[in-house]
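In what follows, every heavy atom counts, from backbone to side chain, and hydrogens, waters and symmetry copies are set aside.
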Number of protein chains: 2
Amino acid sequence: MENENDKLSEQEFLGKYDANVYEHPSVTVDTLIFSVMDNDSSNYRKLPEKELKILLIKRKDHPYRNQWALPGGFVKLDENLDDAAYRELKEETNVNDVYLEQLYTWGDINRDPRTRVISCSYMALINGNSTLITASSDAGDVKWFSLKSKVIQENKTIFEKGYQLEKKISIMLECGEVKLSCDVLITKKKEHEMISVTRKVLKSEGLAFDHSMIIYYGLERLRAKTEFTDIALHLMEQEFTLTELQNVYEVILDKTLLAANFRRKINMYVEETDNSTKDAGHRPARLYKHKQQKSYDFY
Amino acid sequence: MENENDKLSEQEFLGKYDANVYEHPSVTVDTLIFSVMDNDSSNYRKLPEKELKILLIKRKDHPYRNQWALPGGFVKLDENLDDAAYRELKEETNVNDVYLEQLYTWGDINRDPRTRVISCSYMALINGNSTLITASSDAGDVKWFSLKSKVIQENKTIFEKGYQLEKKISIMLECGEVKLSCDVLITKKKEHEMISVTRKVLKSEGLAFDHSMIIYYGLERLRAKTEFTDIALHLMEQEFTLTELQNVYEVILDKTLLAANFRRKINMYVEETDNSTKDAGHRPARLYKHKQQKSYDFY
DNA sequence: ATAATAGTGTCTTTCAGACAGTATAGT
DNA sequence: ACTATACTGTCTGAAAGACACTATTAT
């Protein structure tokens with residue numbers, strides 16, 4: 001039970017410490033950058049439709065060469081995790097004004113064919129229309145893809161001491177001619193008090209690594225938070241109309257909302273300005289801005 | 001722009017790949033193990049009081065020697081993150097039946113004096129009374145500490161383009177004669193669309209690393225989930241009375257609840273059994289068990 | 001006038017909170 | 001009978017959902 005370190009002072013111990021006795025995993029930060037953008041309105045005086053988008057990068061190197069991946073990279077030894085996420089974000093987009101939140105850390109052994117790579121994922125929300133100056137990166141291999149998902153299968157089994165839920169989700173990404181699609185299977189199994197959630201990529205056409213899982217996880221988080229926080233306001237420009245905001249909510253939640261109820265609900269998050277839209281071919285709408293006064297919790 | 005890897009096939013590339021060109025951080029898994037236990041009832045026919053507890057281990061080595069820390073350890077190269085958390089859990093307690101959930105990944109540069117260590121934290125809920133057979137570990141340096149926290153300062157500043165919220169929390173841990181205490185400062189700052197949340201340990205008496213932050217983060221998560229999921233039922237034994245369950249909710253949420261309303265609310269999570277308590281010196285209570293039928297979401 | 005969007009008033013249903021009241025073992 | 005807990009019925013008010021209605025601009 002005697003340990004040779006027992007005799008050392010903390011100073012001495014730290015001096016002797018060798019971090020490289022064991023091999024370490026690599027750690028990356030991968031960021032899911034969301035934005036909602038206007039679809040060019042074809043009809044002459046209709047409002048433009050909104051689309052939920054994410055930023056993807058075409059890989060130039062192995063592995064998954066020529067496939068699309070979330071922007072990210074290795075964490076430097078002298079860099080905080082959050083800072084790494086900011087750095088990568090800044091490298092891909094030219095945006096300073098972002099909402100950034102850690103999502104989840106993915107650590108399956110074989111998620112990267114090169115070596116053991118643990119990925120700490122982040123989600124960023126940026127206002128796409130004003131900051132379209134993206135892709136500081138060299139070629140045109142950084143693109144916004146429209147994102148749609150749907151549940152294509154769901155089943156539930158209840159047995160003696162637990163249950164099992166399975167949900168198969170299809171994710172569709174589109175950018176001009178380029179179409180990517182993948183299926184993710186989420187299994188939640190309960191046995192006694194033990195609950196395990198497994199996420200598995202069933203099919204991945206054009207998307208690298210396990211990034212389809214991360215995308216779906218982030219989408220769920222965005223949806224959940226949109227329902228009861230003001231998070232979606234980070235996707236808006238400085239000033240916006242309530243109808244625009246409603247469209248953003250609708251495109252995230254994938255359902256239509258009633259204007260009267262919507263306005264009542266988000267009233268606490270917004271503040272009137274003196275401005276309004278004009279030349280719209282119909283009644284002008286008042287412009288609002290994100291209200292600071294409310295002090296939602298830290299979570 | 002030509003890259004020498006361009007000429008390689010994926011196979012060749014992976015064969016040549018050397019993960020050790022750059023130095024890598026170490027990655028640990030640290031688990032916050034919650035339990036709610038009965039306080040030995042002093043009064044002769046009163047119900048025992050419940051206390052929220054967490055499991056801590058006294059460190060035998062530098063750094064933070066003789067201080068208390070969350071159970072955890074380095075992630076092995078051939079081990080999934082979740083598996084690492086299970087393994088550590090199993091090593092400290094003898095429990096199989098646990099609820100386990102990833103919390104957050106802490107990656108500040110200087111959180112460990114030895115070297116760069118990134119910690120992926122987990123939260124486990126176990127039923128303390130039935131599984132008191134903890135501490136498989138050698139000495140008596142694995143202990144359950146009662147956990148209490150309070151907000152000792154809070155302030156809010158609103159300025160032109162944002163606001164700043166500060167919250168100072170005091171955490172008190174107790175196990176017999178051993179008392180640990182620490183203060184954590186949480187700052188949420190918004191400037192334009194950029195939000196940053198910083199957590200800082202202001203004072204830490206007897207608790208190693210930044211573990212007080214992790215403890216508070218987990219506590220907040222447990223509270224939030226207790227409010228609108230059935231998570232707290234994982235802290236119960238197979239069969240329990242509704243009053244016991246209510247006490248568990250009360251000790252987690254740190255407020256008293258009205259029985260009638262509480263029962264209405266948790267009715268969906270529980271299922272009657274045919275059994276009831278007896279010899280209690282008052283009206284016996286029906287025993288309930290955790291209901292499986294409901295299929296809450298995956299989140 | 002009409003198309004298209006902007007914006008409001010109010011009924012209903014649902015749900016959370018408060019509280020008073022009844023029930024039943026053991027001593 | 002009394003103590004301590006177990007359990008229920010119902011009032012109230014707030015919030016969510018549904019829907020009908022009015023308002024205002026450009027062409």
Asker: Picking from C/dA25, D/dT8, C/dT10, which would you name as closest to the side chain of B/Ala260?
Answerer: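 The listed nucleotide nearest to B/Ala260's side chain is D/dT8.
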Asker: Any side-chain N or O of A/Thr243 below 4.0 angstrom from OP1/OP2 of C/dA6?
Answerer: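 So the side chain of A/Thr243 is within the cut-off, an N or O lying under 4.0 Å from OP1 or OP2 of C/dA6.
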Asker: Output the single nucleotide from C/dT24, D/dA18, D/dT25 whose closest atom is nearest the side chain of A/Leu258.
Answerer: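 The answer is D/dA18.
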Asker: Roughly, in whole Å, what's the span from CD in B/Glu244 to C1' in D/dT5?
Answerer: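 For the pair B/Glu244 CD and D/dT5 C1', the rounded distance is 12 Å.
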Asker: Return the value, rounded to whole Å, for the distance between atom CZ of A/Arg283 and atom C1' of D/dT22.
Answerer: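 The answer, rounded to whole Å, is 9 Å.
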Asker: Between atom CG in B/Asn267 and atom P in D/dG9, what is the gap in whole Å?
Answerer: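 After rounding, the reported distance stands at 12 Å.
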Asker: Heavy atoms from C-beta onward define the side chain here; which of C/dA23, C/dA6, D/dA4 lies closest to that of B/His282?
Answerer: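 The answer is D/dA4.
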Asker: Any base atoms under 4.0 Å from A/Arg286, or only sugar-phosphate, or nothing? Heavy atoms, all strands.
Answerer: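 It contacts sugar-phosphate atoms only.
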Asker: Would you tell me if any nitrogen or oxygen in the side chain of B/Arg263 comes within less than 4.0 Å of OP1 or OP2 on D/dC7?
Answerer: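 Yes.
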Asker: Determine whether a donor-acceptor pair (N or O, by modelled atom type, separation under 3.5 Å) exists between the side chain of A/Thr273 and the backbone of A/Asn275.
Answerer: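 Looks like yes, one N/O pair under 3.5 Å.
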Asker: How close or far is atom P of C/dA6 from atom CG of A/Leu245, stated in whole angstroms?
Answerer: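 About 12 Å, once rounded to whole Å.
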Asker: Quick one: A/Asn275 CG to D/dT25 P, roughly how many Å, whole number?
Answerer: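 Going from A/Asn275 (CG) to D/dT25 (P), I get 15 Å.
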Asker: Would you name the heavy atoms of B/Ile171 and B/Tyr216 that are closest together and state the gap between them?
Answerer: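 B/Ile171 and B/Tyr216 have their closest heavy atoms at CD1-CB, 3.7 Å.
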Asker: Check for a donor-acceptor pair, side chain of B/Lys265 on one end and backbone N or O of B/Glu227 on the other, with a separation under 3.5 Å.
Answerer: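 Yes; judged by distance alone, with no hydrogens or angles, the pair exists.
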Asker: Could you check how far CG of A/Asn261 sits from P of C/dC11, rounded to whole Å?
Answerer: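 These atoms are roughly 15 Å apart.
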Asker: Nearest heavy-atom pair of A/His290 and A/His234: which atoms, and what distance?
Answerer: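 Looking at all heavy atoms of both residues, the shortest contact is CE1-CE1, 4.0 Å.
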Asker: Taking CG from B/Leu257 and C1' from D/dT5, how many angstroms apart are they, rounded to a whole number?
Answerer: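 The answer, rounded to whole Å, is 17 Å.
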Asker: In whole angstrom, give the distance that lies between atom NZ of B/Lys265 and atom P of C/dT14.
Answerer: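 Taking atom P of C/dT14 as the reference, NZ of B/Lys265 is at 19 Å.
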Asker: On a plain distance test, is the side chain of B/Arg264 in donor-acceptor contact with the base of C/dG17 below 3.5 Å?
Answerer: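 Result: at least one qualifying N/O pair found.
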Asker: Would you please classify the geometry between the B/Tyr217 ring and the B/Tyr104 ring as parallel, tilted or perpendicular, with 30° and 60° separating the classes?
Answerer: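 Tilted, since the angle between the ring planes falls between 30° and 60°.
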Asker: Taking the side chain of B/Ala285 as heavy atoms from C-beta outward, which of D/dA18, D/dC7, C/dG9 is closest to it?
Answerer: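 Shortest atom-to-atom distance from the side chain points to D/dC7.
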Asker: Let me know, please, whether A/Lys278 or B/Leu242 comes out on the 5' side of the other along DNA chain D by nearest nucleotide.
Answerer: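 Residue closer to the 5' terminus by nearest nucleotide: B/Leu242.
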